[in-house]
Amino acid sequence: MSLNKTDKERVKAFWSKVAGKADAIGAESLARLIVVYPQTKTYFAHWKDVSPNSPNVTKHGKTVMGGVANAVDKIDDLKGGLLELSELHAFTLRVDPANFKLLTHCILVVLAAQFPADFTPEVHVAMDKFLAAVARALAEKYR
Amino acid sequence: MVVWSEQERSIINSIFASLDYDDIGPKALCRCLIVYPWTQRYFGGFGNLYNAEAIQTNPNLAAHGIKVLHGLDRAVKNMDNIKATYAELSVMHSEKLHIDPDNFRLLADCLTIVIAAKMGSAFTPEIQATFQKFLAVVVSALGKQYH
């Protein structure tokens, strides 16, 4: 289920429409992740305030979405382009890769809610494939 | 035993009370067939599913989407006993339709996204959590009688 030319074009075209709101999308996606899947809060035990609208969550959502934006740039070679991030996730963060799927779902929900006209089924499948490919690249160094 | 708070019951009832089945049903089913193309395997007799446009304009699929969405009505009316309510439907999906139960989850995810698109910012994280909890119970109940 690798990205073909049409997928990449769709991802880039859609991303250019939504990139301006990336920070807000990231914050909302992360907020939804911890509300809808409370077990993900275990990764943020070092924050005193893990409420959905807390400054930590907002800031971290921005960081994560920055990673997604970077991945759009590196779409032709995600494994190579995300090598450092993969090492970070594998050796330092050690986030269970199952959680990538949960965050992907939350990102898709936010995109649907904020861009209902643009988030067509065709864009949806391209973004889903893209985020799955990003997750695979992030998990590359795990074992 | 699934426990529902008053707020959760209210959220689910509210979503379904204002649901446009004729719009959301077809959208959710079509999105599932487009985003997860292997689900098309169950629709061999439905006519042209050749591309996204064909899927979205297929009248058989639209009618079926409405039917499937109405299938959730009984769960909404029997939230405290969804497993028993869907026992027969689960047997049917297993023994007559031969549907891989993972597909229920895929359709549930597409329905969530279609509802999010419809409700926009009104689809808050809390409402999303409740809606997904409801769908998870439905999905589990539908898969219960498979053996």
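Just so it is clear, the model here is predicted, and its values are computed rather than measured. Residue numbering restarts at 1 for every chain, and letters A, B, ... go by the order of the sequence lines.
Other residues, nucleotides and ligands contribute over 12 non-hydrogen atoms within 6.0 Å of the NZ atom of B:K118. Around the NZ atom of A:K8, the shell of radius 6.0 Å holds more than 12 heavy atoms that belong to other residues, nucleotides or ligands. No more than 12 heavy-atom neighbours from other residues, nucleotides or ligands sit within 6.0 angstrom of CD on B:E53. B:Q7 CD: 12 or fewer foreign heavy atoms inside a 6.0 Å radius. No more than 12 heavy-atom neighbours from other residues, nucleotides or ligands sit within 6.0 angstrom of NZ on A:K21.
Linking ILVMFWY side-chain heavy atoms closer than 4.5 Å, directly or via other members, places B:V91 and B:V137 in two distinct hydrophobic clusters. No single ILVMFWY cluster, assembled from side-chain heavy atoms under 4.5 Å apart, contains both B:Y50 and B:L61.
Looking at B:T124, only its backbone comes within 4.5 Å of chain A, counting heavy atoms on both sides. If you measure heavy-atom distances from B:F131 to chain A, you find no contacts under 4.5 Å at all. Only the side chain of A:Y37 comes within less than 4.5 Å of a heavy atom in chain B; its backbone stays farther off. When heavy atoms are compared at a cutoff of 4.5 Å, B:Q132 approaches chain A solely by way of its side chain, counted from C-beta outward.
The distance from the OG1 atom of B:T112 to the NE2 atom of A:H105 is 5.0 Å, given to the nearest 0.5 Å. Taken to the nearest 0.5 Å, the CD atom of A:E122 stands 8.5 Å off from the CG atom of B:N51.
Using a 4.5 Å heavy-atom cutoff, the side chains of B:I113 and A:H124 are in contact. Counting heavy atoms from C-beta outward, A:V125 and B:Y36 have side chains that stay 4.5 Å or more apart.
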Could you walk me through whether B:Q128 and A:C106 pass the side-chain contact (heavy atoms from CB on, under 4.5 Å) check?
CA-CA 10 Å; B:Q128 181 188 344; A:C106 290; 4.3 Å; yes
Could you go step by step and tell me if A:V35 and B:E126 meet the side-chain contact (heavy atoms from CB on, under 4.5 Å) rule?
CA-CA 7 Å; A:V35 170; B:E126 289 72 24; 4.3 Å; yes
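Listed in order of number, the residues of residues 65-94 of chain A that approach chain B to under 4.5 Å between heavy atoms amount to none.
Between A:R32 and B:F123 the shortest heavy-atom distance is NH2-O, 2.6 Å.
Options A:A117, A:P116, A:P121 differ in how many heavy-atom pairs under 4.5 Å they form with chain B, and the most are formed by A:P121.
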